[in-house]
Colleague: 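The structure is given below, and queries will be raised subsequently.
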Amino acid sequence: MGSRFNQRDQKRKVNKIYNIAITIVSILIVIVAVSIFLSDDGTETKKATTEPKQVAETEKGKVVDKPSGKEEETDSEKEDAVGDSEATKEDAEKEDSKATEEDAEEKAEDDADSEKAGDAQLVEVEGSGDGNVASTYTSESWKPVGTEQSGEHTTSFEKGSVDWNEMSKAIASGAGIDEGSMKLWWLQNGGSSTTAIGTVSEGDNPKTFRVYIEWVDGSGWKPVKVEELKTNDKR
């Protein structure tokens with residue numbers, strides 16, 4: 001009877017020790033698990049806090065934390081700025097090219113006008129006193145226009161004749177008008193067999209000129225004086 005009681009008492013003690021050991025192990029497992037969880041969470045938090053930051057130098061040489069992506073954004077802005085600068089440069093070059101082309105066109109037009117006027121260096125001179133004359137000028141650069149005629153020259157006012165056509169050419173040269181667009185309003189004798197006077201204008205331009213020409217043997221008709229008229233008195 002006493003032996004059986006002792007056996008039961010020993011079993012209870014063993015069970016109690018087992019229970020205590022299980023409890024301690026369980027507590028240790030919980031502690032370890034909590035420690036691991038807190039350690040992982042702290043690491044992730046620290047990583048999440050520190051990873052997006054990069055160190056950058058400020059203009060004063062200080063080191064500051066700068067969120068990642070800012071540098072990328074700055075690089076992108078720099079690329080955009082470079083792109084805008086290149087686009088602006090290209091636009092400026094195009095404008096310069098366009099301006100150069102316009103200047104070239106204007107120069108060509110001026111050259112054409114000068115060529116049309118025979119590159120004559122005009123000199124204004126005193127007029128005849130005619131109230132319809134706005135200005136009178138002459139030029140030493142005027143030359144005879146050439147001739148197809150030979151032998152003794154006879155002035156002809158027959159429209160379409162060789163002499164008529166050569167007089168028209170000389171008048172156009174003096175007025176500085178293209179012969180193809182010149183309107184010959186009047187052509188008359190200039191007071192002698194070797195002189196003539198023509199009244200002309202260019203197209204529908206109301207500006208009218210009275211051109212004095214003279215014959216040069218072997219060389220043809222040559223302009224000697226031009227009067228710019230206030231109104232066309234031969235219209």
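Predicted model, so just to flag it, every value in this text is computed and none were measured. Scope of the values below: all heavy atoms of this structure, side chains included, with no hydrogens, waters or symmetry mates.
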Colleague: Return each pair, listed once, that meets ring-ring contact (aromatic ring centres under 6.0 Å, His included) where at least one residue sits in residues 174-198; pairs must be two or more places apart or across chains.
Modeller: none
Colleague: In the hydrophobic cluster built from side-chain contacts under 4.5 Å, what are the other members alongside Ile24?
Modeller: Ile20, Leu28
Colleague: With a 4.5 Å limit on heavy-atom distance, are the side chains of Leu229 and Thr199 in contact?
Modeller: yes
Colleague: Taking transitive links into account, so neighbours of neighbours count too, which hydrophobic residues share a cluster with Val162 at under 4.5 Å side-chain distance?
Modeller: none
Colleague: Ignoring hydrogens and angles, tell me if any N or O in the side chain of Ser181 forms a donor-acceptor pair with the backbone of Asp178 under 3.5 Å.
Modeller: yes
Colleague: Could you pull out all residues at least two apart from Thr147 that satisfy side-chain hydrogen bond (donor to acceptor under 3.5 Å, both in side chains)?
Modeller: Glu166
Colleague: Under a single-linkage rule joining Ile, Leu, Val, Met, Phe, Trp and Tyr whose side-chain heavy atoms are separated by less than 4.5 Å, which residues share a cluster with Ile31?
Modeller: Ile27
Colleague: Grab the two heavy atoms, one from Trp142 and one from Tyr137, that are nearest each other, plus how far apart they are.
Modeller: CH2-O, 3.9 Å
Colleague: List for me each residue that meets side-chain hydrogen bond (donor to acceptor under 3.5 Å, both in side chains) alongside Glu179, sequence neighbours excluded, and say none if there are none.
Modeller: none
Colleague: Please report the interatomic distance CG(Asn232) to CZ(Arg210), rounded to the nearest 0.5 Å.
Modeller: 10.0 Å
Colleague: Any chance you could measure Leu187, atom CG, to Ile197, atom CD1, to the nearest 0.5 Å?
Modeller: 9.5 Å
Colleague: Got a sec, which residues hit side-chain hydrogen bond (donor to acceptor under 3.5 Å, both in side chains) with Asn165, two or more places apart in sequence or on another chain?
Modeller: none
Colleague: Identify the two heavy atoms, one from Ile177 and one from Ser201, that lie closest to each other, and give their separation to 0.1 Å.
Modeller: CD1-C, 3.9 Å
Colleague: Take a 6.0 Å sphere around CG of Asn15 and say whether it holds more than 12 heavy atoms from other residues, nucleotides or ligands.
Modeller: yes
Colleague: Which value, rounded to the nearest 0.5 Å, describes the distance between Met167 atom CE and Thr195 atom OG1?
Modeller: 10.5 Å
Colleague: Locate the shortest heavy-atom distance separating Gln149 from Thr154; write the atom from each residue and the value.
Modeller: OE1-O, 4.5 Å
Colleague: Under the salt bridge (charged side-chain N to carboxylate O under 4.0 Å, His left out) definition, can you give me all pairs with a residue in residues 149-164, not counting sequence neighbours?
Modeller: none
Colleague: Sequence neighbours left out, what passes side-chain hydrogen bond (donor to acceptor under 3.5 Å, both in side chains) with Ser156? Give chain and number order.
Modeller: Ser161
Colleague: In the single-linkage hydrophobic clustering (I, L, V, M, F, W, Y; side-chain heavy atoms under 4.5 Å), do Val30 and Phe37 co-cluster?
Modeller: yes
Colleague: Answer yes or no: is there a donor N or O on one side and an acceptor on the other, between the side chain of Ser173 and the main chain of Lys169, under 3.5 Å?
Modeller: no
Colleague: Quick check for you: to the nearest 0.5 Å, what is the distance between Thr138 atom OG1 and Gln121 atom CD?
Modeller: 12.5 Å
Colleague: Just verifying a value: how many Å separate Arg235 CZ and Lys183 NZ, rounded to the nearest 0.5 Å?
Modeller: 7.0 Å
Colleague: Decide whether Val145 and Val224 are clustered together by the hydrophobic rule: side chain heavy atoms of Ile, Leu, Val, Met, Phe, Trp, Tyr closer than 4.5 Å, transitively.
Modeller: no
Colleague: Contact between Glu202 and Lys207 at the side-chain level, heavy atoms closer than 4.5 Å - yes or no?
Modeller: no
Colleague: Of all the heavy-atom pairs spanning Glu227 and Lys225, show the shortest one and how long it is.
Modeller: OE2-NZ, 4.0 Å
Colleague: Go through the structure and list residues passing salt bridge (charged side-chain N to carboxylate O under 4.0 Å, His left out) with Asp217, not counting sequence neighbours.
Modeller: none
Colleague: State, to 0.1 Å, how close Ser168 and Leu184 come at their nearest heavy-atom pair, and which atoms those are.
Modeller: OG-CD2, 3.8 Å
Colleague: Answer with yes or no whether the hydrophobic clustering places Phe157 together with Val200; edges join I, L, V, M, F, W, Y residues whose side-chain heavy atoms lie under 4.5 Å apart.
Modeller: yes
Colleague: For residues 197-235, pull every pair meeting ring-ring contact (aromatic ring centres under 6.0 Å, His included), keeping only residues two or more places apart or in separate chains.
Modeller: His153-Trp215, His153-Trp221, Trp215-Trp221
Colleague: Excluding sequence neighbours, so at least two apart, what forms salt bridge (charged side-chain N to carboxylate O under 4.0 Å, His left out) with Lys230?
Modeller: none
Colleague: Would you name the heavy atoms of Val211 and Gly174 that are closest together and state the gap between them?
Modeller: CG1-CA, 4.4 Å
